[in-house]
Amino acid sequence: MAVPDASKVRVRIAPSPTGFAHLGTASTALYNALFARANGGTFVLRVDDTDLERNRPEYELVIYDALHWLGLDWDEGPDKGGPDAPYRQSERRDLYREHAARLLGEGKAYRCYCTREELDAERKQAQAEKRPYKYSRRCLGPDAPKDRTEFAVRFKVPGGEVKFKDMIRGDMSFDADLIGDFIIVKSDGYPTYNFASPVDDAAMNISHVIRGEEHLSNTPYQLMIVDALGYPRPVAYAHMPLILAKDGAKLSKRKHPEANLILYREEGYLPEALINYLALLGWNPGTSQEIFTFDELVLAFSFDRVQHAGARFDWEKLNWINGEYIRRLDDEELAQRLKPFLPKLDDATIRRAVPALRTRLPKLKAAAELLEYLWTEPPAPQLEPEAAERVRAAMAVLKELPWEPEPIHEALMGVVEKSGLGPNKTFMPVRLAVTGKKISPPIDYTLALLPKDVALSRLQRAVGGSA
RNA sequence: GGCCCCAUCGUCUAGUGGACUAGGACGCGGCCCUUUCAAGGCUGAGAUCGCGGGUUCGAAUCCCGCUGGGGCUACCA
């Protein structure tokens, strides 16, 4: 084991490979990464795969992929190795077994042969009598069931007061007399979360435990394990406010699509925009700055400006931030990022479209709707005679033009002027004829992006007749 | 039920006893710009600071109670 060095900042995240990359994991990873970077520390990724039912090895990739996309990179992990390898809890079972044996040997833990049914009955009984439930310690006494072979290991909770420091909430204190003896090793031989986590944190010299608020009440459990094992406790904890759904409920993957990180990439949110939004959910810089690069966040972030209450997720604000980031991208960069969302278009066309797209995209995927007319044949519009006349006038000048936005713009303005009518009297029927929609990029771009012959034939078709 | 955390515009938040007729951002309304849609500029509405008691000359800010929300209380993490 590495020599503990209290001055060194080491933080970790410990996601479970359930086949789903959760928004909360990104949020926690972000705060850990920020803290590590700000303190010249190390960011560890540990895979918490102790639930045989739910976890699949191949699901690790889903998490790596999402975190990489967000640019949240770790220094040590199952895929990278490191001084405290292995970083997969399923591969650290000897360590947990060893520690459980030690606790067992010292009388700080004991085998529990109770069945789930018996335990359920105990719990229901307590509930019926309106008394707080704690395990009865049956297996510690003379009533312990004999001739059974399957057992779990329980930690013998010493009771008393458990105190610790939370960087967000200050001094915390829990009454451990209220905590029943909890299971640390399941009957399948795997450790439970509240055992594996503190053992690993100690073994990996984790200095600061930064995680979601749902773990606040777990902390006394884990601290008792650390103490019983004689390890130094982490320097401090930080329990981040939860991200809530729009309706104020906890984000669940079943009910709330926004819980799924993959969705953001698919919809065309920029990773740096999501990071920015996540940072602002539950934290604020104390200034009016809203847009932050990662490096700026490293400098500005501090736990004492973290909110204590859960924060609701808001698509509108995310869309705004994402739009801000999109508008700030230069042409080439925006074209590159747009490519996956416009598979039907060649690079040159995308590049030509970019200036017309920039201020119109709350997310990259919106480009597809705006440019759909380039790869689909729109229905021919029904034009009023007056509108058809405008289209004919436009066609007349368009025919002789170099096919670029500027000349198209100038020529069309000439047509508008001659008509003595508002520009929209000409532009809207042209737009309708070419795209089939009332909304499109500016008309000069709308036309120029289409091959000239295609554009003209659509106009011709709209006024009745062939080209 | 028990324990713990929390509570300011619809949402994210500023605010740490007097500068608060409670500020900003998103969203929403209006106006301007304009070629549709955006973007941009200006502007407006929107919170009796969850409720009730205290403390104080004075409370969004401190204390107590209540209510409401969330978490933990699993051989899930």
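- A/Tyr277 comes within contact range of no nucleotide atom at all, as no heavy-atom separation falls under 4.0 Å.
- Within 4.0 Å (heavy atoms only), A/Asp175 reaches no atom of the nucleic acid at all.
- Among the protein residues, A/His239 comes within range of no part of the nucleic acid, since none of its heavy atoms lies under 4.0 Å from any strand.
- Between the CZ atom of A/Phe174 and the P atom of B/U73 there is a distance of 12 Å, rounded to whole Å.
- Here A/Gln127 does not reach the OP1 or OP2 of B/G2: none of its side-chain N or O atoms lies under 4.0 Å away.
- Between A/Ile183 and A/Ser217, the residue anchored nearer the 5' end of RNA chain B, judged by the nucleotide with its closest heavy atom, is A/Ser217.
- Using a 4.0 Å heavy-atom cutoff across all strands shown, A/Ser187 reaches at least one base atom of the nucleic acid.
- A cation-pi arrangement is not found for A/Arg12 relative to A/Phe43, the charged atom failing to lie both closer than 6.0 Å to the ring centre and inside a 45° cone about the ring normal.
- A/His22 comes within contact range of no nucleotide atom at all, as no heavy-atom separation falls under 4.0 Å.
- Listed nucleotides: B/C6, B/G2, B/A14. Nearest to the side chain of A/Asn284: B/A14.
- Distance A/Arg131 CZ to B/G2 P: 14 Å, rounded to the nearest Å.
- Among the atoms of the strands shown, none is found under 4.0 Å from any heavy atom of A/Arg211.
- Within 4.0 Å of A/Glu53, counting heavy atoms only, lies no atom of the nucleic acid at all.
- Within 4.0 Å (heavy atoms only), A/Pro442 reaches at least one base atom of the nucleic acid.
- Base contact: A/Ser440 has a heavy atom under 4.0 Å from a base atom.
- Between A/His308 and B/C6, a side-chain N or O to OP1/OP2 separation shorter than 4.0 Å is present.
- Looking at heavy-atom distances under 4.0 Å, A/Asn218 makes contact with a base.
- Among the protein residues, A/Leu216 comes within range of the sugar-phosphate backbone only, with heavy atoms under 4.0 Å from sugar or phosphate atoms but none that close to a base.
- If you check every strand for non-hydrogen atoms under 4.0 Å, A/Arg358 touches nothing.
- Closest to the side chain of A/Leu242, out of B/C75, B/A74, B/G70, is B/G70.
- A donor N or O paired with an acceptor N or O is found under 3.5 Å between the base of B/U35 and the side-chain atoms of A/Arg431.
- The residue A/Thr50 sits close only to the backbone: its heavy atoms come under 4.0 Å of sugar-phosphate atoms, none of a base.
- Across B/C5, B/C76, B/G1, the shortest atom-to-atom separation from the side chain of A/Pro132 is found for B/G1.
- Separating the C1' atom of B/G30 from that of B/G50 is a span of 33 Å, rounded to the nearest Å.
- Checking the phosphate oxygens (OP1, OP2) of B/C76, a side-chain nitrogen or oxygen of A/Lys186 falls inside 4.0 Å.
- Within 4.0 Å (heavy atoms only), A/Lys438 reaches at least one base atom of the nucleic acid.
- Within residues 312-325 of chain A, the residues having any heavy atom closer than 4.0 Å to RNA chain B are, in order of number, A/Arg312, A/Asp314, A/Glu316, A/Lys317, A/Trp320, A/Glu324.
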